Protein chains: 2
Amino acid sequence: MDQDDDHKHRNEVTLREVSAAVGLGMSTISRVLRNHGSFSQATRDRVMKAVEELGYVPNRIAGTLASSGSNLVGIVIPSLHNIVFPDLLSGAAVTLDPIGFQTVIAVTDYDLDQEQKVIQSMLAWRPAAFLVAGLEHTPRTRAMLKNSGVRIAELLDTDGEGIDIVVGFSQREAGAVSGRHLVERGYRRIGYVGPQFACDPRARKRFAGFSEVLAEAGASVVETELIGRTSSTEAGRAALERMLARTPDLDAVYFSNDDFAVGGLFHCFANGISVPSQLAIMGFNGLDIGRFAPQPLTTLRTPRTEIGEIGARMVMEPGGAKVVDVPFELVRGATT
Amino acid sequence: MDQDDDHKHRNEVTLREVSAAVGLGMSTISRVLRNHGSFSQATRDRVMKAVEELGYVPNRIAGTLASSGSNLVGIVIPSLHNIVFPDLLSGAAVTLDPIGFQTVIAVTDYDLDQEQKVIQSMLAWRPAAFLVAGLEHTPRTRAMLKNSGVRIAELLDTDGEGIDIVVGFSQREAGAVSGRHLVERGYRRIGYVGPQFACDPRARKRFAGFSEVLAEAGASVVETELIGRTSSTEAGRAALERMLARTPDLDAVYFSNDDFAVGGLFHCFANGISVPSQLAIMGFNGLDIGRFAPQPLTTLRTPRTEIGEIGARMVMEPGGAKVVDVPFELVRGATT
DNA sequence: CCACTATTTGGCAGCGCTGCCAAAAATTAC
DNA sequence: GTAATTTTTGGCAGCGCTGCCAAATAGTGG
């Protein structure tokens, strides 16, 4: 029918219209709008008035094409359902908002092929910079990123080779610190609950550091439960239940994140298992939910907001490749 | 100097380069890449090969400018720290991803002026559509959105006048249903914990529906605790503690969301208050955390993922303004 | 009052791509 | 074989803006 002809030539107000209305050249209007170059105060007022009246909205697509430089920053994260990533975004926003940069967020669902796809389509918008969670990428992703010439920061993890800027902490070391804590407190028969390793390379690294420390101390990871996609209370609760059914004499369980750990804690409450005397529980991330549980959870507080903020800052600043280590902190609660 | 020349002319591969390499006109390359119009299989192969070899990444900025139609969908939400909104995004992604649309997410922090700002700057990128949480906007926002001619869906709330498409449920009615549940189960001295009303208009509407039902039943909201920004366990826990200190003889508390409610539950566990015999607790949203708590939380499961999905679908389809009501469901747990 | 320097303005090319239409090549019909 | 199609390809204008430079205007000093 005819719903299509507004598709073509919307009666969009363009610079030309504003220019005609004010009786000044397009370049002048453009300078005023960007507050760049020189013009008189009188001109400025007239332009602003016309812009207001006509409801002119600058077209950044045209602007960017002409000036080759967008105000877009691509952010690539595996999920929004793990609080870590919204926190990362908030941190980045602290840096980016005041300087007028806009974030374009893409979610990969912990899938490197999906990551490649979203990065490719973001690249088509020629972002000024990229923030990407993690160091693991397909070779093709890495190549695209390198060739693009776009500044890129990889966040959260420092165990590995980065493309340009890397901001995070050693996941391996975080796992090791957790393991050391449990060992020092005398736990020996320890279980582990975490996501499928294929899904989350950072969890895998933590587990590696963790089990290595245990081995050195003559303890060991007696039981392992690997959970599919979700980062949920349910999964943690069910995992602990299954694990205890198989091996009732565990004395501690290390959960790959606080959501799982809280699920575990719930299982204990619901089944009269006393924590930590019968079973100790340790989480990871330092979430609010764990901190204010009836028994505060022992966990590792990760500096995710700072990582977002620092990553964004570094990617916007000139300067070469760098690695920044942002420290985490072990928080002893009442569950170990 | 010449430091300018890499700024200006990155050695970007453009259609022209590909065209030269293949020995075909630019239009042909363009058609192949968009799989639009006709070309021979041989041509397609040659083009794809050259694209691969040169590492050509199409420039959508130019493409969009030329064709006036972007593949961007703007999504505006108040926060990422309340699971409701990531769920909304996931729902929208279900619709949008397969048809090749890219989401640009902006967060307003429950601030309508901020919302206006982000919508204005998104508009500069001429998105194909907008999804916005809530019906409350500044007059200016509403005007911009209307004049833009961009298709827009307002999500989550149907109590009020929408701009174009509205997908959600009646927040008022949700509050009323919750109130009715508590009244029917015999609770009379009831407290309410929720965010500052100024922050969250949807919570305000629920509260209105809730307290109206109570009033009709001769019960009433005896105590109210309003919480600042966060949607956190801590806030809920502290609020309940303060509330009970003032008014120990409450028999039920309605929390504006499950995060608060879980905080409340934690307070009860930690202080030996037995739920629901001493104090009943009701939440809102149907989060995983509440469902798998030691005592499953009574709550109202909200269809946020579906709302995102339906909203996105409607905004992409032709057709006039519509309101879609997506039903919620009361889930009776063990806390009332 | 004029030469001379700041300040403000306008014109034009072109960013990289797509839509349109016409030209060329391949295919079919007679 | 040629005429009539159909399929494939190329050329060109222009999307709305910005960068560059030249033109106009205002301001200064002698």
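Computed from a predicted structure; not experimentally measured. Below, read A as the first sequence line, B as the second, and so on, with proteins coming before strands; counting in each chain starts at 1.
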[options]: which one has an atom nearest the side-chain heavy atoms of [X]?
| X | options | answer |
| --- | --- | --- |
| A:Met26 | C:dT8, D:dC17, C:dT18 | D:dC17 |
| A:Tyr56 | D:dC17, C:dT8, C:dC17 | D:dC17 |
| B:Ser67 | C:dG16, C:dT18, C:dG14 | C:dT18 |
| A:Arg34 | D:dT9, D:dC17, D:dG19 | D:dG19 |
| A:Leu65 | D:dG16, C:dT8, C:dT18 | D:dG16 |
| A:Ala62 | D:dG16, D:dT7, C:dT8 | D:dG16 |

For this session: Using a 4.0 Å heavy-atom cut-off across all strands, classify B:Thr43 as base, sugar-phosphate, or nothing.
Result: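 The answer is sugar-phosphate, as B:Thr43 gets under 4.0 Å only of primed atoms, P, OP1 or OP2.
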
For this session: Just call it for A:Ser27: base, sugar-phosphate, or nothing, with non-hydrogen atoms closer than 4.0 Å on any strand.
Result: base

In whole angstroms, how far is the [atom2] atom of [N] from the [atom1] atom of [X]?
| X | N | atom1 | atom2 | answer |
| --- | --- | --- | --- | --- |
| A:His36 | C:dT9 | NE2 | P | 16 Å |
| A:Arg60 | D:dC15 | CZ | P | 21 Å |
| B:Glu12 | C:dG14 | CD | P | 18 Å |
| A:Leu15 | D:dG19 | CG | P | 12 Å |
| A:Ile29 | C:dG10 | CD1 | P | 8 Å |
| B:Arg16 | C:dG14 | CZ | P | 11 Å |
| B:Asn71 | C:dC17 | CG | C1' | 14 Å |
| B:Ile61 | D:dG16 | CD1 | C1' | 13 Å |

For this session: Report yes or no: do B:Thr43 and B:Arg46 form a side-chain donor-acceptor pair below 3.5 Å?
Result: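 Side chains of B:Thr43 and B:Arg46: no pair found under 3.5 Å.
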
Exercise. Does one side chain, of A:Ser19 or A:Arg16, offer a donor that lies under 3.5 Å from an acceptor on the other?
Worked result: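 There is no such pair (donor and acceptor under 3.5 Å, judged by atom type) between the side chains of A:Ser19 and A:Arg16.
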
Taking only N and O in the side chain of [X], is any of them less than 4.0 Å away from OP1 or OP2 of [N]?
| X | N | value |
| --- | --- | --- |
| B:Ser30 | C:dT18 | yes |
| A:Ser38 | C:dT8 | yes |
| A:Arg126 | C:dC17 | no |
| A:Ser40 | C:dT9 | yes |
| B:Thr28 | D:dG10 | yes |

Problem set entry | From CA spacing to verdict: salt bridge (Lys or Arg N to Asp or Glu O under 4.0 Å), A:Lys49, A:Glu53 | CA-CA 6 Å; A:Lys49 184 153 160 285; A:Glu53 280 168 0; 3.6 Å; yes

For this session: State whether the side chain of A:Ser30 and the backbone N or O of A:Met26 hold a donor-acceptor pair below 3.5 Å, judged by distance alone.
Result: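 No, A:Ser30 side chain to A:Met26 backbone: no donor-acceptor pair under 3.5 Å.
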
Problem set entry | Charged N-O contact under 4.0 Å between B:Arg140 and B:Glu115 | no

Exercise. Would B:Asn59 and A:Arg126 satisfy side-chain contact (heavy atoms from CB on, under 4.5 Å), going step by step from the backbone distance to the final call?
Worked result: CA-CA 7 Å; B:Asn59 184 331; A:Arg126 302 295 189 265; 3.7 Å; yes

For this session: Begin from the C-alpha positions of B:Gln102 and B:Val104 and carry the test side-chain contact (heavy atoms from CB on, under 4.5 Å) through to its verdict.
Result: CA-CA 7 Å; B:Gln102 215 164 343; B:Val104 181; 5.8 Å; no

For this session: Report yes if some heavy atom in the side chain of B:Tyr56 is under 4.5 Å from a heavy atom in the side chain of B:Leu33; otherwise report no.
Result: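 Yes, close enough: below the 4.5 Å cut-off.
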
For this session: Would you work out how much the helix from C:dC1-D:dG30 to C:dC30-D:dG1 bends between its ends, with each end axis defined by five base pairs, to 10 degrees?
Result: 30°

Exercise. Less than 3.5 Å between a donor and an acceptor, one on the side chain of B:Arg31 and one on the base of C:dG19, is that the case here?
Worked result: no

